[in-house]
Every structure is written in C-alpha cells, then in structure tokens.
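Numbers for residues simply follow the sequence, beginning at 1. Read the numbers this way: they start at 1 and go in the same order the structure lists the ligands and their atoms.
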Amino acid sequence: MEPSEEFVFKHKGFYFQPDLVTPEYIDSLEDFEIRDSDVFIVTYPKSGTVWTQNILCLIYHEGHRDGTENMEIKYRVPWLEYNIYNMDYVHRPSPRLFTTHLPYYLVPRDLRNRRAKVIYVARNPKDVAVSYFHFSNLSVTLETIPDFNIFLERFLAGKVASSSWLDHVRGWSTHREEFNIFFLTYEEMKKDLRGAVLKICKFLGKQLNEKELDTVVENATFDKMKTDPRANYDSMQSNLQERGKGHFLRKGIIGDWKNTMTVAQSERFDNVFKEKMKDLSSTFSWDINDDI
Ligand code: A3P
C-alpha cells in the first residue's frame with residue numbers, strides 16, 4: 001500500500017513531510033553555506049536524535065548545563081530541512097548546531113568536503129520500527145497506522161517519511177570518506193552514556209572537566225530528560241503531537257521490539273534486512289537480534 005500524499009511526498013528519491021518543507025527549500029540547501037565550526041547530528045528518525053540534541057546542548061552551553069538558561073533543544077539544535085520555527089540559520093552565531101534526517105546525497109554541498117563535523121547516530125532497526133510505529137500514531141503530521149503489521153511492511157519497503165532505514169544508514173556509512181563523520185549507536189549510548197559523551201567530546205574537540213561531564217551525563221538520562229521541559233518535546237503537543245496519546249520520550253530502552261513483534265514479523269524483518277546489513281558490520285556493532 002502506498003503512503004498517503006497527504007503525509008509524504010517524494011523528492012529526489014526521498015520521502016519528506018509536506019506540511020514541514022517544500023521541494024524548493026530542499027533544493028536550496030545544496031548551496032547552504034557551511035562553516036568549519038558547524039556541527040550536524042544526522043539520524044534516521046527514532047534513532048536517538050533528541051537524545052543527541054540534548055547532549056550537544058549540554059556540552060556546548062554552560063547555561064544549559066547549570067539550568068540558568070531555559071531554551072528548548074529544538075531551538076538550539078534546529079532541523080536543517082524542517083525550519084518550522086522560521087529561524088535565521090544564515091546569521092546564527094557560531095558554533096551552529098543542526099539536526100537533519102537528510103540522506104547523504106541531499107545535504108549542503110560544502111558538508112561533503114569534510115568541513116563541518118557530522119555525528120551520525122544509528123539504532124537497531126527493529127527498535128526503530130517499533131518506536132516509529134508508536135510515533136506515527138502520536139504525531140499529527142504523520143499517517144496514523146494502527147495496525148503494526150501494515151506499518152512494518154511500509155517500513156521495510158521504505159514507504160515512510162525519511163524512506164528506507166537501510167538506504168539511509170548504508171548511504172552515510174559507505175560515503176563516510178566524504179565527510180568529517182563520527183558514528184555512534186543508540187545502544188552504545190544506552191549501555192555506557194558517559195563513555196559515549198566522552199567520545200562525542202573527543203570528536204568535537206571539547207574538553208569538559210569531571211564535574212561538567214557528570215552534569216552532562218546526569219541530564220542526558222532518560223528519566224531526567226522526561227522531566228526536563230527543554231528536552232522532552234512535550235511542547236510539541238500543542239502543534240505536532242496529539243495530546244493524551246503518549247509522549248515523545250516513550251520507553252527509551254533496547255530491545256522493545258521483542259514486546260511488539262511476533263516471531264513471524266521478526267523473521268520477516270530478518271529476511272528483508274539481515275543479508276543486506278552484512279556490509280554494515282564494520283560500522284555498527286549490533287546484530288539486529290542481539291540481546292541486551
Ligand atoms: P522509544 O520510542 O523506543 O522510547 P528520535 O529522537 O530519533 O525521534 O528517537 C526517539 C527515541 O529515542 C524514543 O524511543 C525515545 O524514547 C528515545 N530516547 C530519547 N531520549 C532518550 C534517553 N535519554 N535515553 C534513552 N532513550 C531516549
């Protein structure tokens with residue numbers, strides 16, 4: 001079943017959300033001027049984007065760390081292609097932090113000559129599928145698909161906003177030489193948050209002392225983020241999410257797919273993905289059926 005045109009449109013082989021962006025704007029991004037100091041978080045949806053946004057806010061902004069500044073992370077690390085708050089990206093002071101779900105071939109041209117830094121976060125696609133399923137039923141800008149089986153087929157076929165997980169991850173991974181890129185997984189962050197924060201700091205050339213590091217880690221835990229209005233995206237319930245239907249920060253665990261997928265669905269997933277994922281093993285450590 002094809003996705004509804006009310007919720008996605010295809011541009012240059014990639015599914016975008018029509019109420020958030022136009023084809024002309026996407027095309028204009030190719031010439032978007034990049035600064036050496038820019039930092040981009042790149043993800044496929046539901047892979048830990050907001051988590052990484054929060055970590056960058058905490059690393060870069062002392063006022064965010066100590067709670068003296070109250071700016072939500074969606075303004076501090078805005079979406080490049082979904083400029084829904086009409087922010088002036090061109091005149092933002094450095095270092096500019098951005099988030100994007102774009103595939104490697106649609107990002108600003110200058111990003112491809114290894115100028116700015118890119119942090120790519122990936123998550124086990126089975127958990128991504130389950131998280132995306134729940135999010136589709138929460139977000140008013142995505143098509144509601146109450147039947148997981150139907151959603152799963154859409155996901156496996158890449159017929160959802162941001163298209164195919166496999167194409168996204170593989171594209172960024174196989175074109176890594178063109179970018180100044182650091183790969184991280186949701187699972188690594190979950191298993192050793194402090195270690196992940198340290199790796200991010202090292203990549204960014206940021207030196208935090210032990211106390212600052214402790215504060216970053218403490219404020220980036222799931223429980224802390226859930227109660228932090230700057231980081232929990234609850235404010236999106238006024239325009240992008242349906243109130244009363246759940247929260248953006250849903251469960252925040254590894255392996256939730258096992259609570260949702262039947263054995264048959266999991267095997268179907270394996271049949272479509274596993275073989276094609278073999279070449280990714282040098283970049284990402286997990287097997288999609290890994291236990292925690
Ligand atoms: P679940 O739906 O499985 O709970 P994204 O930001 O890319 O849309 O990803 C959202 C997913 O990341 C959600 O997964 C959300 O709960 C999870 N997440 C966000 N912050 C987290 C944190 N601090 N720790 C663990 N998971 C987190």
Inset, instruction - Output the distance between atom CG (Asn83) and atom CZ (Phe98), rounded to the nearest 0.5 Å. - result: 8.5 Å

Legend entry - Within-cut-off N or O pair, Ile253 and ligand 1, under 3.5 Å: no

Legend entry - Tyr186, portion touching ligand 1 at heavy-atom distance under 4.0 Å: side chain

Legend entry - Any N or O of Met225 closer than 3.5 Å to N or O of ligand 1: no

Inset, instruction - May I ask you to check if ligand 1 and Lys190 share an N or O to N or O distance below 3.5 Å? - result: no

Legend entry - Within-shell test, Phe248 vs ligand 1, heavy atom, strictly < 4.0 Å: yes

Legend entry - Geometric N/O contact Thr49 with ligand 1, under 3.5 angstrom: yes

Inset, instruction - With rounding to the nearest 0.5 Å, note down the distance linking CD in Glu143 to CD in Glu5. - result: 11.0 Å

Inset, instruction - Identify, for atom 16 (O) of ligand 1, the protein heavy atom at the shortest distance, and state residue, atom and that distance. - result: Arg250 N, 3.2 Å

Legend entry - N/O separation below 3.5 Å, Val50 to ligand 1: yes

Inset, instruction - Check whether Ile59 and Ile181 end up in the same hydrophobic cluster, where Ile, Leu, Val, Met, Phe, Trp and Tyr are linked by side-chain heavy atoms less than 4.5 Å apart. - result: yes

Legend entry - Residue and atom name of the nearest protein heavy atom (relative to atom 20 (N) of ligand 1), distance in Å to one decimal: Leu249 CD2, 3.5 Å

Inset, instruction - Using heavy-atom distances, let me know which of Lys46, His247, Lys251 sits nearest atom 9 (O) of ligand 1. - result: Lys46

Legend entry - Arg112/Glu30 ion pair, N-O < 4.0 Å: no

Legend entry - Note, Leu152 side chain near Phe269 side chain (heavy atom, < 4.5 Å): yes

Inset, instruction - Flag yes if Val8 and Tyr132 sit in one hydrophobic cluster, no otherwise; membership is Ile, Leu, Val, Met, Phe, Trp, Tyr, and two members link when side-chain heavy atoms are under 4.5 Å apart. - result: no

Legend entry - 4.0 Å heavy-atom contact, Thr221 with ligand 1: yes

Legend entry - Single-linkage hydrophobic cluster, 4.5 Å side-chain cutoff, Ile150 and Tyr15 together: no

Legend entry - Contact with ligand 1 for Arg123, non-hydrogen, under 4.0 angstrom: yes

Inset, instruction - To the nearest 0.5 Å, tell me how far Ile73 CD1 sits from Met225 CE. - result: 5.0 Å

Legend entry - Contact atoms of ligand 1, heavy-atom distance to Ala220 under 4.0 Å: 23 (N)

Inset, instruction - Have a look at ligand 1 and work out which part of Ser131, if any, has a heavy atom under 4.0 Å from it: side chain, backbone, both or neither. - result: both

Legend entry - Sub-4.5 Å side-chain heavy-atom contact between Val130 and Asn259: no

